[in-house]
Amino acid sequence: MLDFAVQTAREAGRILAERFGRITEVSHKGEIDLVTEADLASERFIVERIKNHYPRHAIIAEESGRSDASERRSDYVWIVDPLDGTTNYAHGYPVFAVSIALEYRGEIVLGVVYDPMRDEMFAAERGAGATLNGRCIRVSDVEDLNKAMLCTGFPYDVRERGEFARHFRNFIMAAQAVRRDGSAALDLAYVACGRFDGFWEEGLNPWDVAAGALLVEEAGGRVTDYEGHSFSIYRAPVLASNGLIHEAMMRVLVAP
């Protein structure tokens, strides 16, 4: 099934790449939450492919929600983000990805994040490690938060989240650098391969983090909520790191 997910994400990424820079239809799901024709085309492809190959499996997809199979309480649930980074995509900023994960009886067992602009395929299977284009990846070995490069994302309701501005300010002062690229799936994949040392964000959905969180864990990192409790893709927020700076990041998140 991991090979299936990899192939499906790659084909969906090709759909996005072919339409990149030529989008003519952009709709608003919220005040600043967009959806494009590419989101919909990518999701249709992924959902139909899953239904054809695994008709008994349930699906949770960003644009179409839960499939009918979800109501039958299938042990297997595919969690799909057909275009993570829609705002980037709509503006012609080439940072976006396809994210596909598989949950089995409540546990994420595989996940892939594919960046079609760089042809980078991040993949992980529970207990089998994480890879980038077939080569094993590991989180960074940075131990000092002051030397760490972090990343975050701005929730769609960021204007209503006063604590986010406080966290952002505190991390700017505590870390070497903070980046915001607009794709949580890629941010987590970059933590997994050591490009970023840590990531925090709130207001995310299961499809934003399911595959990426597994990548971080299988690459040797740590994923929790802001207080260090076990992370669930169905409950925000998320704190992911190389493990070495995790406690230091938690202290920043609770600082006044």
Side-chain angles (χ1 to χ4, degrees), residues 1-18 20 38 42-43 45-50 52-54 57 59 61 76-85 88-89 94-104 107-142 149 151 179 181-199 206-223 233 238 240-244:
M1 285 188 282
L2 181 60
D3 289 340
F4 167 82
V6 166
Q7 183 180 358
T8 301
R10 193 177 297 279
E11 291 296 324
R14 184 173 294 116
I15 291 171
L16 300 180
E18 289 173 349
F20 183 63
S42 175
E43 182 166 301
F45 171 80
I46 296 169
V47 169
E48 286 306 311
R49 199 160 191 273
I50 293 172
N52 288 336
H53 284 77
Y54 302 105
H57 291 189
I59 304 169
Y76 289 96
V77 182
W78 292 91
I79 303 169
V80 175
D81 193 337
L83 172 50
D84 187 60
N88 289 347
Y89 189 90
V95 179
F96 55 88
V98 178
S99 177
I100 301 174
L102 178 63
E103 182 182 66
Y104 176 67
E107 182 180 57
I108 302 299
V109 294
L110 66 83
V112 300
V113 174
Y114 180 57
D115 177 354
M117 293 290 96
R118 293 161 189 78
D119 192 24
E120 290 189 331
M121 178 67 72
F122 298 86
E125 189 171 4
R126 177 73 61 184
T131 61
L132 167 54
N133 289 346
R135 301 183 66 175
C136 292
I137 54 175
R138 295 288 296 176
V139 294
S140 73
D141 58 3
V142 173
M149 185 156 81
C151 58
R179 299 288 183 263
D181 281 339
S183 169
L186 279 179
D187 290 342
L188 288 163
Y190 283 11
V191 173
C193 72
R195 293 173 184 170
F196 289 138
D197 306 302
F199 167 79
W207 47 81
D208 298 314
V209 296
L214 181 63
L215 284 166
V216 174
E217 291 175 344
E218 288 300 314
R222 184 180 175 189
V223 184
I233 64 170
V238 57
S241 77
N242 62 5
L244 302 174

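Heads up: numbering here begins at 1 and tracks the sequence. If you're wondering where the values come from, they're calculated on a predicted model, not measured in any experiment. All values below were derived from every heavy atom in this structure, side-chain atoms included, with hydrogens, water molecules and symmetry-related copies excluded.
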Colleague: Rounded to the nearest 0.5 Å, how far apart are NE2 of His53 and CD of Glu48?
Modeller: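 His53 atom NE2 to Glu48 atom CD measures 12.0 Å (nearest 0.5 Å).
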Colleague: With rounding to the nearest 0.5 Å, note down the distance linking NE2 in His57 to CG in Leu102.
Modeller: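 Answer rounded to 0.5 Å: 7.0 Å.
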Colleague: Under 4.5 Å between any side-chain heavy atoms of Arg49 and Glu11, yes or no?
Modeller: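 The answer is no; the side chains never approach within 4.5 Å.
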Colleague: Any sub-3.5 Å donor-acceptor pair from Ser42's side-chain atoms to Ala38's backbone N or O?
Modeller: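 Checking the backbone N and O of Ala38 against the side chain of Ser42, no donor-acceptor pair under 3.5 Å is found.
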Colleague: Do you know which two heavy atoms are closest between Val113 and Ala211, and how far apart they sit?
Modeller: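 The answer is CG2-CB, 3.9 Å.
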Colleague: Give a yes or no on whether the backbone of Leu16 and the side-chain of Tyr89 come within a donor-acceptor separation of less than 3.5 Å.
Modeller: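 Looks like yes, one N/O pair under 3.5 Å.
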Colleague: Is there a side-chain contact between Arg10 and Asp119 in this structure, where contact means two heavy atoms from C-beta onward sitting under 4.5 Å apart?
Modeller: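 Yes - at least one pair of side-chain heavy atoms lies under 4.5 Å apart.
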Colleague: Closest heavy-atom contact between Ala17 and Met117?
Modeller: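 In this case the closest contact between Ala17 and Met117 is CB-CE, 3.8 Å.
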Colleague: Is the shortest side-chain heavy-atom distance between Val238 and Asp208 below 4.5 Å?
Modeller: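 Side-chain contact under 4.5 Å: no.
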Colleague: Quick one: are Val95 and Leu186 in side-chain contact, heavy atoms under 4.5 Å?
Modeller: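 SC-SC contact between Val95 and Leu186 confirmed.
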Colleague: State the CD1-CD1 distance between Ile79 and Ile59, to the nearest 0.5 angstrom.
Modeller: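 Ile79 CD1 to Ile59 CD1: 11.5 Å, rounded to 0.5 Å.
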Colleague: Does the side chain to side chain contact (heavy atoms under 4.5 Å, CB included) test come out yes or no for Tyr190 and Glu120, once each step is laid out?
Modeller: CA-CA 11 Å; Tyr190 283 11; Glu120 290 189 331; 4.3 Å; yes
Colleague: Starting from the C-alpha separation in whole Å, work towards a yes-or-no answer on side chain to side chain contact (heavy atoms under 4.5 Å, CB included) for Ile50 and Phe4.
Modeller: CA-CA 9 Å; Ile50 293 172; Phe4 167 82; 4.0 Å; yes
Colleague: Check whether any side-chain heavy atom of Met1 sits under 4.5 Å from a side-chain heavy atom of Glu125, and report yes or no.
Modeller: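 Heavy-atom side-chain distance check fails, nothing below 4.5 Å.
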Colleague: Does Asp197 reach the main-chain N or O of Met149 with its side chain, forming a donor-acceptor pair under 3.5 Å?
Modeller: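 Judged by distance alone, yes, a pair lies under 3.5 Å.
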Colleague: Compare every heavy atom of Leu244 with every heavy atom of Ser140, then report the nearest pair and how far apart it is.
Modeller: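 Distance-wise, the nearest heavy atoms are O-CD1, 4.3 Å.
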Colleague: Which heavy atom in Asp187 sits nearest to a heavy atom in Cys151, and how many Å separate them?
Modeller: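 For Asp187 and Cys151, the tightest heavy-atom pair comes out as CB-SG, 3.7 Å.
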Colleague: Tell me, do Ile46 and Trp78 make a side-chain contact under 4.5 Å, heavy atoms counted?
Modeller: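 Side-chain contact under 4.5 Å: no.
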Colleague: Of the non-hydrogen atoms in Val6 and Ala123, which two are nearest, and what is the gap between them?
Modeller: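 Distance-wise, the nearest heavy atoms are CG2-CB, 4.2 Å.
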Colleague: Counting C-beta onward and ignoring hydrogens, is there a side-chain heavy-atom pair between Asn242 and Val142 closer than 4.5 Å?
Modeller: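 Asn242 reaches Val142 side chain to side chain.
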Colleague: If you take all heavy atoms of Val112 and Ala9, which pair is closest and at what distance?
Modeller: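 Residues Val112 and Ala9, closest heavy atoms: CG2-CB, 3.8 Å.
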Colleague: Under the side chain to side chain contact (heavy atoms under 4.5 Å, CB included) rule, what do Leu215 and Leu188 come out as? Steps first, then yes or no, please.
Modeller: CA-CA 7 Å; Leu215 284 166; Leu188 288 163; 6.0 Å; no
Colleague: Do Trp207 and Asp84 come close enough that some side-chain heavy atom pair is under 4.5 Å?
Modeller: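 Counting from C-beta outward, Trp207 and Asp84 never come under 4.5 Å.
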Colleague: Check whether any side-chain N or O of Arg138 sits under 3.5 Å from a backbone N or O of Gly194 as a donor-acceptor pair, and report yes or no.
Modeller: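 No, Arg138 side chain to Gly194 backbone: no donor-acceptor pair under 3.5 Å.
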Colleague: Count the heavy atoms of every other residue, nucleotide or ligand shown that sit under 6.0 Å from CG of Asn133, and state whether that count exceeds 12.
Modeller: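 Counting neighbours around CG of Asn133, more than 12 heavy atoms of other residues, nucleotides or ligands fall under 6.0 Å, so yes.
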Colleague: Hey, what do you get for CZ (Phe45) to OG1 (Thr8), rounding to the nearest 0.5 Å?
Modeller: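 So the gap between those two atoms works out to 6.0 Å.
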Colleague: Has Glu218 got a side-chain atom pairing as donor or acceptor with Gly127's backbone, closer than 3.5 angstrom?
Modeller: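 Between the backbone of Gly127 and the side chain of Glu218 there is a qualifying donor-acceptor contact (under 3.5 Å).
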Colleague: Kindly compute the distance separating CZ (Phe96) from CG (Asn88), expressed to the nearest 0.5 Å.
Modeller: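 If I round to the nearest 0.5 Å, the distance is 9.0 Å.
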Colleague: Evaluate the criterion side chain to side chain contact (heavy atoms under 4.5 Å, CB included) for residue pair Leu110 and Tyr104; output intermediate values, then yes/no.
Modeller: CA-CA 9 Å; Leu110 66 83; Tyr104 176 67; over 6 Å; no
